[in-house]
Amino acid sequence: MGELSKAYEPVLVEKKWYGSWLDKKHFVADEKSGKPAYAIVIPPPNVTGMLHMGHVLNNTIQDMLARRSRMDGCEVLWLPGTDHAGIATQVMVEKQLKKEEKKSRHDLGREEFLKRVWVWKEKHGDIIINQLKKLGCSCDWSRERFTMDAEYSRCVQKVFVELYKKGLIYRGKRMVNWCPVSQTALSDEEVEMKPQKGFMYHFKVQVDETPETWLTIATTRPETIPGDTAVAVNPKDPRYAHLIGKHIVRPLPAELPHSQKLIPIVGDEHVDFEFGTGVLKVTPAHDKADFDIGARHKLPLIEVINADGTMNALAGELLAGLDRFKARKVAVELLTEQGVMIEAKPYENNVGFSQRADVPIEPRLSEQWFLKYPAVEESRACVNQQMTFGGKPLEAHLLKEKLDTQPAPNAAIGISDLVGNVNYSTGKMQFHPDRWAKVYDHWLSNIQDWCISRQLWWGHRIPVWSGLLSGASIFSLLGGVLKMAALNGVTPEEFEKTVLTIDGNIISCDLNSLDFACAQLGQCEADHRIIVCSSSEMLGQHLVGIGLDQDPDVLDTWFSSWLWPFATMGWTGDKQVDGQNAMLKKFYPTSDLVTGPDIIFFWVARMIMAGYEFMGEMPFKNVYFTGIIRDKQGRKMSKTLGNSPDPLELIAKYGADALRFGTMRTAPLGQDVLFDEKDVEQGRNFCNKLWNACRFRQLQGACHSSPDPLRHGAHLSPFAKDILWKLDATVSKVRSAYESYHFNEVTQALYDFVWGDFCDWFIESVKSDFQDGCLLQRKEATLETIDFVLHVALRLLHPLTPFITEELWEQLGFSGGTIQFAEWPKTDAKFQAQEFVSAHGQVTACFSAVSKARNLRAEYGIASNKRVRWIFLPTDPSFWADAECDALKTLLNASTLDIQKERDLPKGTPVCLTEIGELALPLEGLVDFAAEQERLNREIAKVVDDLAKTDAKLSNPDFAAKVPPAVLEEHRQRFKNLSMRKAQLEQRLKDLA
RNA sequence: GCGCGAUUAGCUUAGUGGUAGAGCGCGUGCUUCACACGCACGAGGUCACAGGUUCGAACCCUGUAUCGCGCACCA
């Protein structure tokens with residue numbers, strides 16, 4: 001063990017220890033362990049991702065929790081992995097392909113393209129994983145999962161088949177959010193509403209039956225006019241109601257014959273007569289609300305926009321081929337030419353944008369797969385949603401009271417109404433901060449079916465095969481394939497779950513029913529529509545062999561990650577098998593989930609539903625929502641703004657511990673974090689401070705490997721007792737901060753203790769114990785106290801700053817090997833014993849006296865390196881043994897400290913009055929009487945002010961009558977102290993005259 | 001529109017009813033034998049505003065303003 005370097009150098013230390021931890025398999029969870037389980041599943045970062053500050057915050061918290069629990073005697077599983085990020089990854093590989101080979105994915109074909117994606121994944125997929133390692137994350141890397149792993153993919157397929165069989169997954173032609181750039185459907189959650197500046201165009205149309213009547217229509221999207229199949233008015237609108245049933249002449253496309261331009265005027269309650277002109281153009285193929293109106297009135301659909309956002313031939317010859325935004329301008333020109341354009345008012349409205357591609361969504365009619373969410377009620381009930389009654393929070397015990405005291409005031413309000421008003425929950429799952437429960441509940445109570453299909457290639461392909469087969473083929477081919485599958489290759493479970501639909505009728509997949517159905521259909525020659533949904537890939541291959549096609553779409557990435565908490569643990573969906581799964585038994589439900597609130601709907605809510613649906617149990621007990629990391633100006637971090645620092649550069653510059661510490665210190669529960677590199681610098685400074693405190697200790701000789709300061713009994717100085725008291729308080733603070741998920745308080749408490757209490761005060765106060773002539777026993781007791789403090793503090797710090805603490809633990813020679821499994825510190829009642837409490841009081845008084853004395857020095861302009869003589873008149877001389885005086889002398893940086901029992905000071909000597917006594921600064925003829933007078937007067941004024949405030953309270957009769965006794969006593973004491981102080985100060989002032 | 005959050009020193013913020021705390025920045029003085037990634041001292045706050053509750057309010061209640069976020073949206 002060499003001497004510690006002058007400054008902490010993180011690079012080598014981090015490399016050394018991370019390698020060692022991996023070699024020794026410290027992070028590997030043992031599902032057979034008898035220790036209590038503690039599990040976290042990582043929010044899987046995108047496989048294409050790079051570490052950003054959000055990851056740093058999120059994963060530092062997870063690592064803190066994992067390491068804390070490991071020290072606390074738990075068997076810890078922190079399960080890492082990545083998700084396949086369908087769109088992002090596909091786009092990235094497509095871009096690369098275009099750049100390097102000038103090819104599109106269609107040039108390669110589906111299979112070849114997917115090969116390329118896998119090549120890319122193998123090459124770059126572990127970038128972010130390695131970055132997490134650099135941060136120090138103690139994940140069980142042996143259990144790393146990827147959502148496209150074969151095993152994981154099987155889970156996704158099984159879940160699909162099961163939900164399909166239950167009728168929760170269905171295919172339908174619907175209006176969906178279409179991203180014209182990615183050319184895929186998106187879920188509602190992937191659409192972001194953004195205010196857009198545009199125009200509200202007013203144009204007029206002629207009523208065909210009464211050509212003198214013109215109606216004015218307001219629209220923001222004139223390019224969709226060719227797709228209009230009606231105009232709608234509110235049937236209650238007196239201006240227009242009489243026109244219902246008549247027709248108007250649609251102005252575009254202009255080239256159509258008159259008869260094809262006529263569209264009906266329909267009456268629909270949806271139309272708001274206050275808005276616009278009260279006349280609504282209805283474009284059922286390109287607007288959600290219009291689609292519904294269209295359905296109500298059986299209007300035809302005219303699609304005028306292509307999948308890529310360009311206009312098609314039905315939009316008319318002048319618009320066809322144009323991009324939708326270019327077409328908007330042209331449409332306006334065309335209307336103007338026709339003389340029907342009235343005005344274009346500047347207008348701001350909210351437009352849905354594709355979160356991925358950042359372009360406006362095009363509502364588009366298409367055939368998609370949808371999921372009716374499962375287990376919604378259980379998922380709502382389990383979260384700590386507060387119970388409310390009439391909109392007010394309601395405590396559980398008050399519910400009964402309410403029901404008792406308010407029994408149906410009248411017949412119309414019964415118990416059921418009352419209960420209906422009570423928002424009840426089991427509160428088994430806790431959100432931190434809990435206000436997110438409300439957001440979660442609101443979303444869950446208003447959900448629409450989830451569009452789960454994506455028109456992409458990279459992802460889990462929908463396990464459905466379909467096609468037309470003649471009766472004969474069904475008999476000879478399909479029946480054969482299914483039977484063959486049932487007899488060999490496909491597990492009975494998979495076979496049983498396979499769903500076969502013939503002409504819309506579900507046929508059970510058992511051999512008898514199959515025989516019957518096939519035999520029946522075999523009789524007739526007509527074609528039949530066959531749909532097979534199965535999780536068996538082998539069956540799928542055979543089905544392709546007989547001419548059925550697999551659905552080309554893949555599933556939304558979130559449709560795989562919602563299974564993350566159990567699909568990563570070897571879940572199979574087979575109850576028997578899963579019942580024997582040691583991993584699931586040990587670690588499911590997991591303990592904590594740490595994630596950002598931005599994916600509360602995408603991921604958290606869906607995981608909860610999947611947990612209940614497929615495991616019958618919630619996936620985690622606590623959800624901690626981090627804040628969003630923003631830059632100094634409060635803007636979100638983004639690549640385009642370039643305000644997102646590279647955490648790896650920060651690690652290289654300051655060290656991983658510094659980055660972790662700095663990030664955590666400024667990340668309070670539930671608040672966004674304004675990131676400033678200064679915080680990381682602060683973190684580095686802290687590490688260096690800790691390092692040097694240990695270095696200081698090391699310079700005094702070897703440490704005790706299992707320190708126990710209490711064995712020194714009476715030789716423990718008051719300063720030692722005080723720091724032990726403070727250490728114990730810190731243990732308590734840190735523990736409760738962890739309990740309440742206030743991680744910044746963990747950090748702050750440790751910072752204050754190490755830097756303030758330990759380094760600034762304690763170490764300074766005990767330096768005199770190491771000087772020649774000091775009592776050896778005292779020195780020994782102090783050294784062992786330092787050892788003990790470091791022994792505890794390093795352990796408390798370890799989850800937060802794993803590298804430096806492990807290094808120092810070894811350097812100082814503490815016993816028991818790695819700090820990672822050293823015991824998580826507990827509070828110890830011994831340190832709260834009377835002698836410690838009173839030492840704490842005495843030392844606090846001493847330190848506060850030192851501060852006052854230093855201030856006096858500074859006021860007299862004495863340079864801090866200049867040692868001067870102090871005279872001390874102690875209030876309690878018995879406390880001030882030589883060693884204590886030496887400590888005081890060191891803290892004051894005094895040349896000598898003369899103790900006076902009787903006041904004997906040269907006239908006008910500046911004095912500070914403190915709780916421990918008077919500290920006088922003899923200036924030997926240099927006293928500036930006027931200055932001293934002024935100083936005393938200033939101090940008196942302040943005391944008088946405080947005194948007045950305290951007196952005002954005490955003389956209020958209500959105060960004495962109503963205040964708790966302890967507070968009253970405190971105020972009386974304060975008044976007494978202030979009065980005494982005032983008297984003393986006035987005496988000093990008199991002495992001066 | 002509905003909901004949530006924030007508003008405390010120049011900046012970032014802690015603070016759940018009893019004399020307003022910290023870090024950065026700023027000023028002054030220090031190469032004090034662990035640390036200049038440091039030490040000491042200092043200046044700097046009508047706790048957004050208006051009411052209310054209370055002996056007592058930064059803190060609890062009501063309202064207002066400003067900022068941020070989420071949800072829902074009317075063409």
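Nothing here was measured: the structure is a model prediction, and the numbers come from that model. Proteins come first, then strands; the chains are lettered A, B, ... in the order of their sequence lines, and each starts at number 1.
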A correct dot-bracket answer for RNA chain B, with pairs being Watson-Crick or G-U at under 3.5 Å, [ ] for crossing pairs and | for inter-strand pairs, is (((((((..((((....[..)))).(((((.......))))).....(((((..]....))))))))))))....
So [X], base contact, sugar-phosphate only, or nothing? Heavy-atom distance under 4.0 Å.
X        : answer
A/Lys767 : base
A/Lys6   : sugar-phosphate
A/Cys694 : nothing
A/Gln748 : sugar-phosphate
A/Glu681 : nothing
A/Arg854 : sugar-phosphate

Is the closest basic N to carboxylate O distance between [X] and [Y] below 4.0 Å?
X        : Y        : result
A/Arg324 : A/Glu362 : yes
A/Arg380 : A/Asp441 : yes
A/Lys236 : A/Glu269 : yes
A/Asp237 : A/Arg239 : yes

Could you tell me how far [M] sits from [N] if I compare only their [atom1] atoms? Round to whole Å.
N     : M     : atom1 : value
B/C55 : B/C71 : C1'   : 45 Å
B/C59 : B/G21 : C1'   : 15 Å
B/G52 : B/U12 : C1'   : 33 Å
B/G45 : B/A20 : C1'   : 8 Å
B/U31 : B/U66 : C1'   : 50 Å
B/G17 : B/A58 : C1'   : 10 Å
B/U7  : B/A75 : P     : 35 Å
B/U53 : B/C60 : C1'   : 8 Å

More 5' along RNA chain B: A/Asp679 or A/Arg684, using each one's nearest nucleotide?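 Comparing both residues, the 5'-ward one is A/Asp679.
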Residue whose closest nucleotide on RNA chain B lies nearer the 5' end, A/Lys949 versus A/Tyr8: A/Lys949
Among [options], which nucleotide has an atom closest to any side-chain atom of [X]?
X        : options             : result
A/Ala7   : B/C4, B/C37, B/G38  : B/C37
A/Arg435 : B/C37, B/G5, B/A34  : B/G5
A/Ser851 : B/C24, B/U13, B/C41 : B/C41
A/Tyr751 : B/A36, B/G18, B/G23 : B/G23
A/Asp760 : B/C41, B/A14, B/A40 : B/A40

Could you name each residue pair satisfying salt bridge (charged side-chain N to carboxylate O under 4.0 Å, His left out) that touches residues 270-288 of chain A, not counting sequence neighbours? A/Asp188-A/Lys288, A/Asp228-A/Lys281
Restricting to side-chain contact (heavy atoms from CB on, under 4.5 Å), what partner residues turn up for [X], sequence neighbours left out?
X        : answer
A/His270 : A/Asp268, A/Leu280, A/Ala289, A/Ile293, A/Arg296
A/Thr950 : A/Leu954, A/His971, A/Arg974, A/Phe975, A/Leu978
A/Asp945 : A/Lys949
A/Glu9   : A/Ser5

A/Asp657 side chain vs A/Ile804 backbone, donor-acceptor pair below 3.5 Å: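 Side chain of A/Asp657 to backbone of A/Ile804, a donor-acceptor pair under 3.5 Å: yes, one is there.
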How are the rings of A/His432 and A/Tyr741 set relative to one another: parallel (under 30°), tilted (30 to 60°) or perpendicular (over 60°)?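 Taking A/Tyr741 first and then A/His432, their aromatic rings lie parallel (interplane angle under 30°).
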Would you please confirm or rule out a distance under 4.0 Å between OP1 or OP2 of [N] and any side-chain N or O of [X]?
X        : N     : result
A/Asn744 : B/U13 : no
A/Lys678 : B/G25 : yes
A/Trp755 : B/A34 : no
A/Lys438 : B/C4  : yes
A/Arg974 : B/U19 : yes

Under 4.0 Å protein heavy-atom contact, by nucleotide of nucleotides 28-33 of chain B - B base, S sugar-phosphate only: -BSSB-
Per-nucleotide protein contact string for nucleotides 68-75 of chain B (B base, S sugar-phosphate only, - none; heavy atom under 4.0 Å): -S-SBBBB
Would the number of heavy atoms belonging to other residues, nucleotides or ligands and lying under 6.0 Å from CD of A/Gln700 be above 12? yes
Can you tell me if A/Lys852 has over 12 outside heavy atoms packed within less than 6.0 Å of its NZ?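 Above 12, so yes.
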Which atom pairs, donor and acceptor, lie under 3.5 Å between side-chain atoms of residues 749-763 of chain A and protein residues at least two apart or in another chain?
from     : atom 1 : to       : atom 2 : distance (Å)
A/Tyr751 : OH     : A/Gln682 : NE2    : 2.8
A/Asp752 : OD1    : A/Gln748 : NE2    : 3.0

Please tabulate, one pair per line, each protein N/O and nucleotide N/O from nucleotides 8-11 of chain B that are separated by under 3.5 Å, including the distance.
none

What I want to check is whether an N or O donor and acceptor connect the side chain of A/Gln700 with the base of B/A34 at under 3.5 Å. no
Does A/Trp436 form a ring pair (Phe, Tyr, Trp, His ring centres under 6.0 Å) with A/Phe431? I'd like the steps, not just the answer. CA-CA 7 Å; A/Trp436 291 109; A/Phe431 280 9; 8.8 Å; no
Within this structure, what is the CG-to-P distance between A/Asp676 and B/U12, rounded to whole angstrom?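 Value for this atom pair: 10 Å.
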Between C1' on B/G18 and CG on A/Leu954, what's the gap in Å once rounded to a whole number? 12 Å
Mind checking what makes salt bridge (Lys or Arg N to Asp or Glu O under 4.0 Å) contact with A/Glu14, not counting sequence neighbours? none
Between the protein and nucleotides 54-59 of chain B, list the N/O to N/O atom pairs that are separated by less than 3.5 angstrom.
from  : atom 1 : to       : atom 2 : distance (Å)
B/C55 : OP1    : A/Lys962 : NZ     : 2.3
B/C55 : O2'    : A/Asn956 : ND2    : 2.8

Is the closest side-chain donor-acceptor distance between A/Glu190 and A/Ser187 under 3.5 Å?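 Judged by distance alone, the side chains do pair up.
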